[in-house]
Amino acid sequence: MSIEEKLEAALSAVKAKSPLVHHLTNYVTVNDCANIVLAIGASPVMADDIAEVEEMVSIASALVLNIGTLNARTIESMLAAGKRAKSLGIPVILDPVGVGATILRTKTAEQIIKEVQPTVIRGNMSEIKVLAGLDVTTKGVDSTASAENAEEIAKKLASDWNCVIAITGKTDIVSDGKQVYRIDNGHSILSDVTGTGCMSTSLIGSYCGANQDYLTATVAGLVSMGLAGELAQKSLTPQEGVGTFRMRLFDNIYNLTPESLAKGSKVSCE
(Lines give C-alpha, C1' and ligand atoms only; values in the text may rest on other atoms or scores of the structure.)
Protein backbone atom coordinates (compact mmCIF):
# COMPACT_ATOMS: atom_id res chain seq x y z
CA MET A 1 0.00 0.00 0.00
CA SER A 2 1.37 3.42 -0.96
CA ILE A 3 1.75 6.20 1.62
CA GLU A 4 -1.07 8.07 -0.14
CA GLU A 5 -3.38 5.09 0.30
CA LYS A 6 -2.33 4.78 3.95
CA LEU A 7 -3.07 8.46 4.58
CA GLU A 8 -6.49 8.13 2.97
CA ALA A 9 -7.30 5.12 5.15
CA ALA A 10 -5.99 6.87 8.27
CA LEU A 11 -8.30 9.88 7.92
CA SER A 12 -11.22 7.63 7.02
CA ALA A 13 -10.65 5.81 10.32
CA VAL A 14 -10.66 9.06 12.31
CA LYS A 15 -13.91 10.17 10.68
CA ALA A 16 -15.52 6.78 11.30
CA LYS A 17 -14.36 6.22 14.89
CA SER A 18 -14.24 9.79 16.30
CA PRO A 19 -11.66 8.73 18.92
CA LEU A 20 -11.60 10.37 22.35
CA VAL A 21 -8.26 12.17 22.77
CA HIS A 22 -7.37 12.97 26.38
CA HIS A 23 -5.09 16.00 26.78
CA LEU A 24 -2.94 17.25 29.58
CA THR A 25 -1.76 20.30 27.74
CA ASN A 26 -0.79 23.92 28.23
CA TYR A 27 -3.21 26.76 28.93
CA VAL A 28 -1.83 28.93 26.11
CA THR A 29 -3.16 26.64 23.39
CA VAL A 30 -5.69 24.36 25.10
CA ASN A 31 -8.71 25.81 23.29
CA ASP A 32 -7.05 25.61 19.88
CA CYS A 33 -5.99 22.02 20.55
CA ALA A 34 -9.54 21.06 21.47
CA ASN A 35 -10.96 22.74 18.37
CA ILE A 36 -8.42 21.23 15.98
CA VAL A 37 -9.29 17.77 17.30
CA LEU A 38 -12.97 18.47 16.70
CA ALA A 39 -12.21 19.84 13.23
CA ILE A 40 -10.42 16.66 12.10
CA GLY A 41 -13.31 14.53 13.34
CA ALA A 42 -12.13 13.31 16.76
CA SER A 43 -13.32 14.20 20.27
CA PRO A 44 -11.21 16.11 22.83
CA VAL A 45 -11.19 16.07 26.62
CA MET A 46 -8.86 18.27 28.66
CA ALA A 47 -9.09 16.84 32.20
CA ASP A 48 -5.91 17.37 34.22
CA ASP A 49 -6.75 16.93 37.91
CA ILE A 50 -4.94 14.07 39.62
CA ALA A 51 -8.25 12.86 41.09
CA GLU A 52 -9.67 11.96 37.66
CA VAL A 53 -6.90 11.60 35.07
CA GLU A 54 -6.47 7.84 35.45
CA GLU A 55 -10.20 7.26 35.20
CA MET A 56 -10.54 9.60 32.24
CA VAL A 57 -7.64 8.19 30.25
CA SER A 58 -9.06 4.69 30.76
CA ILE A 59 -11.94 5.52 28.43
CA ALA A 60 -9.81 7.44 25.89
CA SER A 61 -8.29 6.23 22.64
CA ALA A 62 -5.12 8.35 22.92
CA LEU A 63 -3.33 10.56 25.44
CA VAL A 64 -1.50 13.80 24.61
CA LEU A 65 1.04 15.14 27.13
CA ASN A 66 2.21 18.70 26.43
CA ILE A 67 4.68 20.35 28.85
CA GLY A 68 4.22 23.90 27.58
CA THR A 69 3.06 25.41 30.90
CA LEU A 70 4.40 23.12 33.58
CA ASN A 71 3.62 23.12 37.26
CA ALA A 72 4.05 20.54 40.02
CA ARG A 73 0.36 19.60 39.97
CA THR A 74 0.21 18.85 36.26
CA ILE A 75 3.52 16.96 36.27
CA GLU A 76 2.04 14.53 38.82
CA SER A 77 -1.10 14.20 36.69
CA MET A 78 0.89 13.62 33.49
CA LEU A 79 2.88 10.80 35.03
CA ALA A 80 -0.21 9.15 36.51
CA ALA A 81 -2.21 9.42 33.28
CA GLY A 82 0.73 8.31 31.17
CA LYS A 83 1.43 5.20 33.22
CA ARG A 84 -2.25 4.27 33.24
CA ALA A 85 -2.49 4.72 29.46
CA LYS A 86 0.55 2.56 28.81
CA SER A 87 -0.77 -0.18 31.08
CA LEU A 88 -3.94 -0.25 28.95
CA GLY A 89 -2.15 -0.11 25.59
CA ILE A 90 -3.40 3.41 24.87
CA PRO A 91 -0.94 5.42 22.73
CA VAL A 92 0.80 8.34 24.46
CA ILE A 93 1.99 11.33 22.44
CA LEU A 94 4.54 13.62 24.11
CA ASP A 95 5.15 17.23 23.08
CA PRO A 96 8.29 18.39 24.97
CA VAL A 97 7.61 22.11 24.49
CA GLY A 98 10.63 24.27 25.32
CA VAL A 99 12.69 21.38 26.71
CA GLY A 100 16.21 22.61 27.32
CA ALA A 101 15.09 26.12 28.25
CA THR A 102 14.91 25.26 31.96
CA ILE A 103 16.01 22.41 34.21
CA LEU A 104 12.39 21.71 35.17
CA ARG A 105 11.33 21.17 31.56
CA THR A 106 14.28 18.96 30.75
CA LYS A 107 13.94 16.81 33.86
CA THR A 108 10.19 16.46 33.39
CA ALA A 109 10.53 15.38 29.75
CA GLU A 110 13.24 12.89 30.68
CA GLN A 111 11.09 11.51 33.50
CA ILE A 112 8.08 11.06 31.22
CA ILE A 113 10.20 9.31 28.60
CA LYS A 114 11.72 6.99 31.21
CA GLU A 115 8.59 6.19 33.21
CA VAL A 116 5.85 6.39 30.58
CA GLN A 117 7.73 5.41 27.41
CA PRO A 118 5.68 7.48 24.95
CA THR A 119 4.42 6.03 21.69
CA VAL A 120 5.20 9.22 19.73
CA ILE A 121 7.41 12.19 20.56
CA ARG A 122 6.94 15.35 18.45
CA GLY A 123 9.19 18.35 18.80
CA ASN A 124 11.15 20.94 16.88
CA MET A 125 14.81 20.43 16.08
CA SER A 126 16.10 22.14 19.23
CA GLU A 127 13.81 20.10 21.47
CA ILE A 128 14.69 16.78 19.87
CA LYS A 129 18.41 17.53 20.00
CA VAL A 130 18.14 18.30 23.73
CA LEU A 131 16.38 14.98 24.29
CA ALA A 132 19.12 13.28 22.29
CA GLY A 133 21.73 14.74 24.63
CA LEU A 134 23.24 16.99 21.98
CA ASP A 135 24.61 20.46 22.72
CA VAL A 136 22.09 23.08 21.63
CA THR A 137 20.96 26.51 22.77
CA THR A 138 17.26 27.27 23.01
CA LYS A 139 15.15 30.40 22.61
CA GLY A 140 12.13 29.83 24.80
CA VAL A 141 9.85 27.44 22.94
CA ASP A 142 11.24 28.27 19.48
CA SER A 143 13.80 26.21 17.60
CA THR A 144 17.24 27.66 16.90
CA ALA A 145 18.99 24.43 15.93
CA SER A 146 20.12 23.43 12.47
CA ALA A 147 18.16 20.63 10.80
CA GLU A 148 21.42 18.98 9.74
CA ASN A 149 21.41 15.21 10.40
CA ALA A 150 17.71 15.31 11.35
CA GLU A 151 17.01 11.97 9.67
CA GLU A 152 19.84 10.22 11.50
CA ILE A 153 18.85 11.73 14.86
CA ALA A 154 15.19 10.80 14.43
CA LYS A 155 16.00 7.27 13.35
CA LYS A 156 18.44 6.65 16.21
CA LEU A 157 16.16 8.06 18.93
CA ALA A 158 13.18 6.12 17.59
CA SER A 159 15.22 2.92 17.64
CA ASP A 160 16.69 3.58 21.11
CA TRP A 161 13.33 4.46 22.68
CA ASN A 162 11.11 2.14 20.63
CA CYS A 163 8.78 4.93 19.57
CA VAL A 164 8.00 7.22 16.66
CA ILE A 165 10.04 10.43 16.56
CA ALA A 166 8.68 13.45 14.67
CA ILE A 167 10.85 16.53 14.08
CA THR A 168 8.88 19.45 12.72
CA GLY A 169 10.35 22.32 10.73
CA LYS A 170 10.58 23.47 7.13
CA THR A 171 10.65 19.80 6.24
CA ASP A 172 9.12 17.45 8.80
CA ILE A 173 11.02 14.23 9.58
CA VAL A 174 9.26 11.16 10.99
CA SER A 175 10.88 7.83 11.86
CA ASP A 176 10.06 4.63 13.71
CA GLY A 177 13.72 3.59 13.78
CA LYS A 178 13.48 1.71 10.50
CA GLN A 179 11.74 3.94 7.97
CA VAL A 180 12.21 7.68 7.62
CA TYR A 181 9.57 9.92 6.06
CA ARG A 182 10.14 13.48 4.83
CA ILE A 183 7.09 15.75 4.67
CA ASP A 184 7.28 18.92 2.58
CA ASN A 185 3.78 20.21 3.22
CA GLY A 186 3.38 23.50 5.06
CA HIS A 187 4.13 27.22 4.87
CA SER A 188 6.33 29.54 6.92
CA ILE A 189 3.30 31.52 8.12
CA LEU A 190 2.43 28.60 10.39
CA SER A 191 5.28 29.70 12.68
CA ASP A 192 3.62 33.12 13.06
CA VAL A 193 0.61 31.65 14.86
CA THR A 194 0.94 30.49 18.46
CA GLY A 195 0.15 26.84 18.98
CA THR A 196 0.50 25.28 15.54
CA GLY A 197 3.05 22.85 16.96
CA CYS A 198 0.73 21.95 19.84
CA MET A 199 -2.14 21.54 17.40
CA SER A 200 0.00 19.28 15.23
CA THR A 201 0.58 17.05 18.26
CA SER A 202 -3.17 16.98 18.93
CA LEU A 203 -3.78 15.94 15.32
CA ILE A 204 -1.23 13.15 15.73
CA GLY A 205 -3.11 12.07 18.85
CA SER A 206 -6.36 12.04 16.88
CA TYR A 207 -4.89 9.79 14.21
CA CYS A 208 -3.17 7.51 16.76
CA GLY A 209 -6.50 7.10 18.53
CA ALA A 210 -8.07 5.64 15.40
CA ASN A 211 -5.12 3.80 13.82
CA GLN A 212 -2.70 1.23 15.23
CA ASP A 213 -0.05 2.10 12.63
CA TYR A 214 1.46 4.92 14.65
CA LEU A 215 4.09 5.78 12.05
CA THR A 216 1.43 6.47 9.42
CA ALA A 217 -0.74 8.20 12.04
CA THR A 218 2.10 10.60 12.84
CA VAL A 219 2.76 11.33 9.18
CA ALA A 220 -0.97 11.90 8.64
CA GLY A 221 -1.18 14.39 11.50
CA LEU A 222 1.70 16.46 10.17
CA VAL A 223 0.52 16.31 6.56
CA SER A 224 -2.93 17.47 7.71
CA MET A 225 -1.50 20.53 9.45
CA GLY A 226 0.93 21.32 6.64
CA LEU A 227 -1.63 20.96 3.87
CA ALA A 228 -4.23 23.00 5.76
CA GLY A 229 -1.60 25.69 6.28
CA GLU A 230 -0.80 25.79 2.58
CA LEU A 231 -4.45 26.08 1.61
CA ALA A 232 -5.18 28.72 4.25
CA GLN A 233 -2.22 30.86 3.19
CA LYS A 234 -3.09 30.55 -0.48
CA SER A 235 -6.58 31.92 0.19
CA LEU A 236 -5.34 35.14 1.84
CA THR A 237 -5.71 38.49 0.11
CA PRO A 238 -2.92 41.12 0.48
CA GLN A 239 -4.98 42.86 3.17
CA GLU A 240 -5.42 39.71 5.29
CA GLY A 241 -2.93 38.41 7.85
CA VAL A 242 -2.41 35.90 10.63
CA GLY A 243 -5.85 36.41 12.19
CA THR A 244 -7.64 35.38 9.03
CA PHE A 245 -5.05 32.68 8.41
CA ARG A 246 -5.71 31.13 11.82
CA MET A 247 -9.45 31.02 11.16
CA ARG A 248 -8.97 29.46 7.72
CA LEU A 249 -6.49 26.94 9.10
CA PHE A 250 -9.31 25.47 11.18
CA ASP A 251 -11.67 25.61 8.21
CA ASN A 252 -9.24 23.70 6.03
CA ILE A 253 -8.67 21.03 8.67
CA TYR A 254 -12.45 20.70 8.96
CA ASN A 255 -12.86 20.38 5.20
CA LEU A 256 -10.10 17.83 4.67
CA THR A 257 -11.30 14.59 3.12
CA PRO A 258 -9.40 11.32 2.86
CA GLU A 259 -9.06 11.93 -0.86
CA SER A 260 -7.85 15.54 -0.59
CA LEU A 261 -5.36 14.58 2.13
CA ALA A 262 -3.85 11.87 -0.02
CA LYS A 263 -3.82 14.02 -3.16
CA GLY A 264 -2.26 17.03 -1.43
CA SER A 265 0.40 15.14 0.52
CA LYS A 266 4.08 15.76 -0.24
CA VAL A 267 5.73 12.77 1.40
CA SER A 268 8.86 10.83 0.50
CA CYS A 269 10.37 7.79 2.20
CA GLU A 270 13.95 6.63 2.48
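As the structure is a prediction and not an experimental result, all values here were calculated from the model.
- Residues Leu11 and Thr257 form no side-chain contact, since every pair of their non-hydrogen atoms from C-beta on lies 4.5 Å or further apart.
- Judged as a salt bridge (charged side-chain N to carboxylate O under 4.0 Å, His left out), the pairs with a partner in residues 248-268 (not counting sequence neighbours) are, in order, Glu230-Lys266, Glu240-Arg248.
- No donor-acceptor pair closer than 3.5 Å links the side chain of Thr171 to the backbone N or O of Asp184.
- Under a 4.5 Å side-chain heavy-atom cut-off, the cluster of Ile, Leu, Val, Met, Phe, Trp and Tyr residues that includes Met46 is completed by Val30.
- Within 6.0 Å of CG on Asn162 lie no more than 12 heavy atoms contributed by other residues, nucleotides or ligands.
- By the salt bridge (Lys or Arg N to Asp or Glu O under 4.0 Å) test, Asp176 is found to be paired with no residue, residues two or more places apart in sequence or in another chain being considered.
- Applying the salt bridge (charged side-chain N to carboxylate O under 4.0 Å, His left out) test to residues at least two apart or on different chains, none of the pairs has a partner in residues 2-22.
- Formation of a donor-acceptor pair under 3.5 Å by the Ser235 side chain with backbone atoms of Ala232 is found in this model.
- Annotation for Tyr27: hydrophobic cluster partners, listed by chain and number, are Val28 (ILVMFWY side-chain heavy atoms under 4.5 Å, direct or chained).
- Remark: Glu152 CD is packed, more than 12 non-hydrogen atoms of other residues, nucleotides or ligands lying under 6.0 Å away.
- Among pairs with a residue in residues 19-37, those fulfilling salt bridge (charged side-chain N to carboxylate O under 4.0 Å, His left out) read Asp32-Arg246, at least two apart in sequence or across chains.
- For the salt bridge (charged side-chain N to carboxylate O under 4.0 Å, His left out) condition, the pairs that include at least one residue of residues 155-170, sequence neighbours left out, are Lys156-Asp160.
- Atom-to-atom distance recorded for Leu65:CG and Thr74:OG1 is 10.0 Å, nearest 0.5 angstrom.
- Using modelled atom types, one side-chain atom of Arg105 and one backbone atom of Val97 make a donor-acceptor pair closer than 3.5 Å.
- In terms of modelled atom types and a separation under 3.5 Å, the side chain of Ser18 and the main chain of Val14 share no donor-acceptor contact.
- Judged by distance alone, the side chain of Asp172 and the main-chain N or O of Gly169 form a donor-acceptor pair under 3.5 Å.
- Within the structure, side chain to side chain donor-acceptor pair (under 3.5 Å) contacts touching residues 39-53 (residues at least two apart or in different chains) are Asp48-Arg73.
- Within the 3.5 Å criterion, the main-chain N or O of Thr196 finds a donor-acceptor partner in the side chain of Ser200.
- The side chain to side chain donor-acceptor pair (under 3.5 Å) check on Ser175 picks up nothing, with sequence neighbours excluded.
- Shown here are the side chain to side chain donor-acceptor pair (under 3.5 Å) partners of Gln111, two or more places apart in sequence or in another chain: Glu115.
- Between Ile113 atom CD1 and Cys163 atom SG the span is 7.5 Å, to the nearest 0.5 Å.
- The CG atom of Asp95 sits 9.0 Å away from atom CG of Asn124, with the distance rounded to the nearest 0.5 Å.
- For His22, there are no side chain to side chain donor-acceptor pair (under 3.5 Å) partners two or more places apart in sequence or in a different chain.
- By the side chain to side chain donor-acceptor pair (under 3.5 Å) test, Thr218 is found to be paired with no residue, residues two or more places apart in sequence or in another chain being considered.
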